[in-house]
Amino acid sequence: MRMTRLHAPTLKEDPKDAEVVSHRYLVRGGYIRKLAAGIYDFLPLATRTIHKIANIVRAEMSRAGAQEVFLPAVQPSEIWVESGRWSFYGPELLRFKDRKGAEFCLGPTHEEVIVDLVRRDVRSWRALPLNLFQIQTKFRDEIRPRAGLMRGREFIMKDAYSFDVDEAAALRSYDAMYAAYERIFRRCGLDFRAVEADTGAIGGSRSHEFQVLADSGEDAMVSCTACSYAANVEQAELPTPSRPATGESSLAKVHTPDRRTIDEVSAFLGRPAQAFIKTLIVHADGKLHAVLLRGDHELNEIKLKKRLGATLLIMADEAEVRAASGAPVGFAGPVGGLKVESVLADHAVAGMTDAVTGANEGDHHLTGVAEGRDFQVTGFHDLRMAADGDACPRCGGTMKGFRGIEVGHVFYLGTKYSKAMNCAFLNETGDEKPMVMGCYGIGVTRIMAAAIEQNHDADGICWPVAIAPFHVAILPLQMNVPEVVAAAEKLYAELSDAGFEVLLDDREERAGSKFKDADLIGIPFRLAIGARGLQEGIVELKHRRGGEVVKVPVGDVISQIRGLVA
RNA sequence: CGGGGUGUAGCGCAGCCUGGUAGCGCGCCAGUUUUGGGUACUGGUUGUCGGAGGUUCAAAUCCUCUCACCCCGACCA
C-alpha cells in the first residue's frame, strides 16, 4: 500500500474527547472516527487489524471444531419473550418497531437466535456435539459508553454456542473453547490471564474471563502467588479468617462534625481504616438490611445478593438510611440496633474490638466498639471483594491484585436457554432431553483497543506483529533524490512479492513527518532509506517496539524481515 | 438517571463577563526554502458561531427552551 493512496488521516493534536491511550492513538493514527456516542467508523487501518484478529479467531475456532455462521443483527421480540429476557433485559436492549408495529431489537447477544436455529433442525443425539460461532456487530445501549472502543455501544464480537447431550460432554466443549481462547490470545501477542468469573445474569455454573493485563483496565483481579488460582475480585471466595484474640476497649461517643466517609473520620480521629466497621444499608426486594464490613474492605454486591437470595439489590437512599439508623447518611452503626430485616457481617468483622462505628446520631461516632459485647449480628459471611494481600482460598498463599481488560468470556450455560425455548433432542433410548449449552464470547474490537493499552509508548502504538495493519513501513527520506525513491520502490516491490504487507510512505513529506506518522501508526518494522546510507549500500531497520536500530545491506533486507515477521 | 463540563473553519482553541456583524494555531491549496525526528517564509482557501424561540436598531455574546458530546458515579456476558 502506498501512503499517498491510504486513507489514514493522522492528527497532530489529541482529540479532545479521548482520554484513554487506545482511544487517543486510534483517532490520531487515523484508525477510527466517531459517528455518535460509542459508535465508530473503522477506517482502512483499523479494518486491516480487525481482519487479522478475526482471522486468528476463525482459525482457532475451526481447529476446535466450531463452524462459522452469520446470524441476523435485527431480532424479533418473540424469541426474547420466550427466553424470558424481553422483560428481564433493561434499556440496554435497543428496541424498535417495524412498519407493521411488530417489535424487534438490535442483538446485544445471540442466545435466542442460535437456540431457535438449532432447535428447528437438530433432533437427534447423533447430531451432537454442535458448536456454531459468528463474528458479528453487536449493539448494547450502554448507560454510559466510554473510553473509545473499550466500552462502545456498537462493537464487533465473536460469539460461539455449544450444544451437547449432557453436562460431561458440555464441559468437554467448554474446555475445548478455553484451550482455543488461550491459543487465540497468545497468537494475538497479548499478555493475558484467564480468571474465574461470576456467571452474572447469564446463569450457569462455570465461567472464566480472559483478561489482558493493563493498569488502565476496568476489572480488578487477584491471583495467587503460590498456586494457579486467579479470579475476578467479584468472584474470588475468601477463606474464613480465624477470630482475633479479644482485646480490651471501652465504648465512647465522640463528636465528629460533618465527617461522613471512612477517610474523613479516619483522618479526624487518627485511626486507620482497618479499625472501622463500615455499616451499609441496602434495599433488597423491598426490605432493608444492614451490612457490616471492615473499613478498608469493599462490599461485593454479587456475594451479598446471593446470600440474601435477592433479585434486586440497591443501596438504600437517604430516607431509608434515616429510617433504619435514625441518622443521616454517614453515621449509621450497629450498636443500639438498626431497624432492618437482618444485620449481615463480613467475616473480618468477627471479633473486632476497639473499633470505630457510626453512632446512629448525626455528627457522632462511637469508639472502642467490640463485636459481640456491644452488638450482635444475624450472621457472618463472605461478603467483600478480594483484594491485594488476601489469602488464597485454594492453598492459603498470598494473592496479588492486578487489573485487566476483559477480552473474552466463556460460560457453561447448562439448560437455561434450551429448557426455556424447548431446544431438545432424542437420546439413544428415545427420551427427549434438553441440550446442554455453553457460550463463548470474544470482543474483537476490544482486543484492538486492549492491545494498544498494553503495547504503546509516548510516540504511538507498538503493535504485536500478528495484528498490526502492516508488517513493514518503508520510508524514503528524500523524495527528491531519485536513487532513494528507486531503492524504496524496489524494496517495496520485492517485499510485497515475498508476501509481506508493506506500507510505502511515498508522500512528498520531510523525514520527520514520516517518522512521526510511522511511530504513531505503529508498524512493527521500519525501513528508513536515506541518500547517505544508500551510498554505502545500507538501509536502516528499526524495531518499533524495542527501538533497536540496525543497519542492513540492501540485499539482506528480505531475509532479515523474513526472520522477524515469520 | 444524579453531579460536573463543552458545543465557534477539517482538528485544537480564543472571542461571550462589558452586544456593533468573527479570529488564532494546526491542516489544506499555490509557491519559495529546507532535506534523517512534525523546517522557515509568502500568498490563498475554509464558518447556517449545535438548534429553535425571545429581548434589542443590532446577538457568537443577554434570556428561555432544546439537542448533541465529554468526564465522575450508578449500570454491565
Side-chain angles (χ1 to χ4, degrees), chain A residues 9-20 23-24 27-28 30 33-39 85 88-93 107-111 138 140-148 150-153 155 157-161 197-204 207-210 218-219 232 234-235 301-302 312-315 317-318 406-413 416-417 437-443 446 458-460 475-481 484 505 507-520 526-534 539-540 542 547 549 551:
Chain A
T10 57
L11 268 27
K12 277 190 186 173
E13 288 170 277
D14 275 334
K16 83 170 176 181
D17 58 1
E19 296 260 305
V20 301
H23 190 193
R24 285 213 318 268
V27 173
R28 275 193 58 202
R33 289 292 183 264
K34 185 175 70 184
L35 180 62
I39 302 177
R85 291 207 291 184
F88 185 78
Y89 241 99
E92 191 183 319
L93 183 65
T109 175
H110 282 69
E111 279 83 10
K138 308 279 185 187
R140 295 180 190 174
D141 200 357
E142 294 278 349
I143 296 171
R144 185 156 90 76
R146 70 183 97 178
M150 300 268 277
R151 184 169 289 274
R153 291 194 291 174
F155 55 97
M157 181 170 171
K158 185 284 302 181
D159 49 326
Y161 305 89
D198 181 56
T199 49
I202 206 149
S207 172
H208 287 87
E209 289 169 351
F210 288 78
E218 284 186 315
D219 294 327
N232 195 301
E234 295 176 339
Q235 170 69 14
E301 290 193 30
I302 294 168
L312 182 72
L313 180 78
I314 48 172
M315 294 302 292
D317 62 31
E318 205 172 329
E406 181 188 353
V407 290
H409 205 151
V410 292
F411 289 92
Y412 168 77
L413 287 180
K416 177 179 162 119
Y417 293 92
M437 295 177 57
C439 74
Y440 318 93
I442 288 182
R446 193 184 269 186
D459 293 313
L475 275 51
L477 300 179
Q478 299 91 17
M479 292 300 287
N480 57 350
V481 177
V484 169
D505 195 344
R507 296 175 302 173
E508 299 283 346
E509 290 285 341
R510 42 184 300 130
S513 298
K514 295 189 179 186
F515 288 140
K516 287 289 184 188
D517 274 340
D519 286 349
L520 178 61
R526 186 189 79 190
L527 289 168
I529 301 174
R532 230 180 291 146
L534 219 47
V539 296
E540 179 189 288
K542 183 174 175 185
V549 178
K551 297 199 185 307

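The basis for the numbers below is simple: all heavy atoms, side chains too, and nothing from hydrogens, waters or symmetry mates. Letters A, B, ... are given to chains in the order of the sequence lines, protein chains preceding strands, and every chain is numbered from 1.
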Suppose you measure atom P in G15(B) against the same atom in G20(B); what distance do you get, rounded to whole Å? 14 Å
Residues in ring pair (Phe, Tyr, Trp, His ring centres under 6.0 Å) with Phe515(A), at least two apart? none
Donor-acceptor contact below 3.5 Å, side chain Gln478(A) vs main chain Ala531(A): yes
In whole Å, what separates the C1' atom of C63(B) from that of U55(B)? 7 Å
Distance between the P atoms of G23(B) and U46(B), in whole angstroms? 12 Å
Base, backbone or nothing for each nucleotide of nucleotides 68-73 of chain B, written B, S, -, heavy atoms under 4.0 angstrom, 5' to 3'? -SSSBB
Do Arg151(A) and C76(B) share a donor-acceptor pair, side chain to base, under 3.5 Å? yes
C1' atoms of A58(B) and A22(B), separation to the nearest Å: 15 Å
For G36(B), give its Watson-Crick or G-U wobble partner with both distances under 3.5 Å, or none. none
Could you please name the partner base of G2(B), counting Watson-Crick and G-U wobble pairs only when both distances are under 3.5 Å? C72(B)
Taking atom C1' in both G50(B) and U8(B), compute the distance separating them and give it to the nearest angstrom. 10 Å
If we take the C1' atom in both U42(B) and U48(B), what is their distance in whole Å? 33 Å
Can you name the residues that form a salt bridge (charged side-chain N to carboxylate O under 4.0 Å, His left out) with Arg507(A), not counting sequence neighbours? Asp505(A), Asp517(A)
Using side-chain hydrogen bond (donor to acceptor under 3.5 Å, both in side chains) as the criterion, list what pairs up with Arg510(A), not counting sequence neighbours. none
The side-chain hydrogen bond (donor to acceptor under 3.5 Å, both in side chains) partners of Asp519(A) (sequence neighbours excluded) come to none
Partner nucleotide of C28(B) by Watson-Crick or wobble geometry (both distances under 3.5 Å): G44(B)
Is any side-chain heavy atom of Lys514(A) closer than 4.5 Å to a side-chain heavy atom of Pro476(A)? yes
Any strand: nucleotide that pairs with C17(B) via Watson-Crick or wobble, under 3.5 Å: none
Any base atoms under 4.0 Å from Phe210(A), or only sugar-phosphate, or nothing? Heavy atoms, all strands. nothing
For Asp459(A), check salt bridge (charged side-chain N to carboxylate O under 4.0 Å, His left out) against everything at least two apart and list the hits. none
Find the partner of G7(B): check Watson-Crick (N1-N3 plus N6-O4 or O6-N4) and G-U wobble (N1-O2, O6-N3) distances, both under 3.5 Å, and reply none if neither fits. C67(B)
Given the C1' atoms of A30(B) and G36(B), what is the spacing between them in whole Å? 27 Å
Report the base-pairing partner of A60(B) (Watson-Crick or G-U wobble, both distances below 3.5 angstrom), or none. none
Please identify each residue that fulfils side-chain hydrogen bond (donor to acceptor under 3.5 Å, both in side chains) with Arg28(A), with sequence neighbours left out. none
Its contact letters, B for base, S for sugar-phosphate only and - for none at protein heavy atoms under 4.0 Å, make nucleotides 24-38 of chain B read -BSS------BBBBB
Under the ring pair (Phe, Tyr, Trp, His ring centres under 6.0 Å) rule, collect the residues that match up with Tyr440(A), sequence neighbours excluded. none
Say we look at U34(B) and C41(B): how far apart would their C1' atoms be, to the nearest angstrom? 11 Å
Tell me, do Glu142(A) and Phe155(A) make a side-chain contact under 4.5 Å, heavy atoms counted? no
Quick check: on RNA chain B, is the nucleotide nearest Asp14(A) upstream (toward 5') of the one nearest Asp159(A), or the reverse? Name the residue that is more 5'. Asp14(A)
